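Quantities reported herein were computed from a predicted structural model and do not represent experimental measurements. Protein chains get the first letters and strands the later ones, always in sequence-line order, with residue 1 at the start of each.
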Number of protein chains: 2
Amino acid sequence: MPAPITEERNLADRETLLDAAEALFYERGIRSVGMDEVRAASGLPLKRIYRFFATKEDLVVAVLRRRDQRWRASLSAHVEQVAEPRERVLTMFDWLAEWFAEPGFRGCAWINAHGELGSQSPAVLAEVRAHKQAFHDQVAEWVGATGEPVTEPVLLLAEGAIVTAGISGDPAPAAQARAAAARLLGAT
Amino acid sequence: MPAPITEERNLADRETLLDAAEALFYERGIRSVGMDEVRAASGLPLKRIYRFFATKEDLVVAVLRRRDQRWRASLSAHVEQVAEPRERVLTMFDWLAEWFAEPGFRGCAWINAHGELGSQSPAVLAEVRAHKQAFHDQVAEWVGATGEPVTEPVLLLAEGAIVTAGISGDPAPAAQARAAAARLLGAT
DNA sequence: TACAGTAGGGAACGACCGTTCTCGACGTCA
DNA sequence: TGACGTCGAGAACGGTCGTTCCCTACTGTA
């Protein structure tokens with residue numbers, strides 16, 4: 001009866017689509033990227049894009065969700081190579097420093113999405129809050145293992161470093177935040 | 001020769017326009033607010049709006065610039081009521097707490113503008129960076145008076161508190177950042 | 001080889017955007 | 001009073017957006 005498009009190809013194309021959309025949205029903001037640019041960058045026909053995601057908003061949410069999984073997995077993988085709790089927390093800031101130095105770094109995709117769409121799209125707002133909550137819980141676990149009750153300030157230093165580096169283009173805030181976190185965690 | 005529109009009225013209407021645009025842009029983001037909504041909210045004819053500012057981008061920059069002056073003046077006025085240097089720095093976080101609790105608080109207008117337009121409009125990017133630089137310089141002065149070399153971490157705590165409170169809607173990060181700053185400034 | 005049904009490319013649609021233009025009303029000076 | 005110059009209101013313009021539709025090509029079945 002049909003015509004092809006195997007299940008594997010569907011999955012691969014979906015990733016291609018999310019890759020293209022994520023890169024465009026992160027670089028240029030969401031509203032300034034048209035669906036036709038997503039089509040051109042992904043190489044997929046508009047019809048298939050709209051079969052994957054019925055609306056642009058759905059695509060945005062899917063991009064944020066997949067980025068959240070990748071971002072937190074990368075952070076965890078990097079940080080959990082270090083066993084000692086205090087060093088483990090400080091290693092998070094080294095990971096941030098590497099991220100800040102990547103070409104095209106432009107701050108936190110969720111903060112950016114929140115500023116642009118947080119009051120316009122409840123779905124995007126929920127996705128942003130879910131990401132921040134997950135990040136919070138992860139950091140709370142790592143900081144908790146040190147026995148020092150400094151989860152919140154460590155988080156604020158990290159968030160502050162992300163936005164400051166994103167705006168200035170200078171990765172230095174990662175090291176500054178790391179040094180401050182080291183002090184809050186107590187001298188070794 | 002003429003018809004009226006005195007100079008005083010021009011100045012007053014310009015403020016009315018900036019008030020209306022600032023409220024709309026802050027609440028909803030910039031790109032999702034059309035010039036026709038700015039017209040309706042300000043009560044000014046489109047023709048006069050475009051005589052004040054030749055493009056929407058010019059209007060956005062003017063909104064950010066005026067907000068920067070008002071925001072920093074309000075912060076300074078609040079903080080400089082306190083003479084003792086260490087307390088003065090901590091008072092900044094009390095001011096942040098009051099700001100976070102205002103109805104409609106939705107984070108930092110400059111961070112939001114950067115995420116939405118930073119890569120699209122060099123003029124907006126420059127305005128955002130100018131604001132962050134001015135804030136940095138102000139905080140450096142206050143922290144410098146304490147003799148403790150903690151300007152950068154205090155700034156990161158403040159920025160982190162602003163974004164975290166903006167996304168979560170909870171003003172608690174101000175107090176958490178204040179407590180952390182107190183520790184970094186040393187016990188009294 | 002004829003057929004059914006879907007895929008892809010791209011035009012088309014209606015809405016809205018930033019910006020400009022038209023036009024009738026009006027205040028000001030000769 | 002009459003003519004000029006500017007004003008406000010809103011229509012109009014060209015472009016772009018998200019989304020849908022049309023039409024041709026093609027795959028797989030009998």
Geometric cation-pi criterion A:Arg31 and A:Phe25, 6.0 Å radius, 45° cone: no
From CG (B:Leu24) to OG (B:Ser32), nearest 0.5 Å: 9.5 Å
B:Gln176 side, atom CD; B:Asp170 side, atom CG - distance, nearest 0.5 Å: 7.5 Å
Give every pair of a protein N or O atom and an N or O atom of nucleotides 17-19 of chain C that lie under 3.5 Å apart, one pair per line with the distance.
unit_1, atom_1, unit_2, atom_2, d
C:dG18, OP1, B:Val33, O, 3.4
C:dG18, OP1, B:Lys56, NZ, 2.4
C:dG18, OP2, B:Met35, N, 2.5
C:dT19, OP2, B:Tyr50, OH, 2.9
C:dT19, OP2, B:Lys56, N, 2.8

Nearest-angstrom distance from the residue atom CZ of B:Arg48 to P of C:dT20: 17 Å
Side chains of B:Asp137 and B:Gln133, donor plus acceptor under 3.5 Å: yes
Sugar-phosphate, base or nothing in reach of A:Arg51, heavy atoms under 4.0 Å: sugar-phosphate
Expected rows: protein N/O vs nucleotides 12-16 of chain C N/O, under 3.5 Å:
none

B:Arg67 NZ/CZ over B:Tyr26 ring centroid, <6.0 Å and within 45° of normal: yes
Intermediate values then yes/no, side-chain hydrogen bond (donor to acceptor under 3.5 Å, both in side chains), B:Glu57 and B:Ser121: CA-CA 8 Å; B:Glu57 184 181 27; B:Ser121 162; 2.4 Å; yes
Exam field: side chain A:Glu84 to backbone A:Arg86, donor-acceptor pair closer than 3.5 Å: yes
Gap between atoms NZ and C1', on A:Lys47 and C:dA11 respectively (whole Å): 13 Å
Nearest-Å distance for atom pair CG/P, residues A:Leu44 and C:dG10: 14 Å
Atom-pair distance (CG on A:Leu17; P on C:dG8), nearest Å: 13 Å
Mutual orientation of the aromatic rings belonging to B:Phe100 and B:Phe105 [parallel < 30°, tilted 30-60°, perpendicular > 60°]: tilted
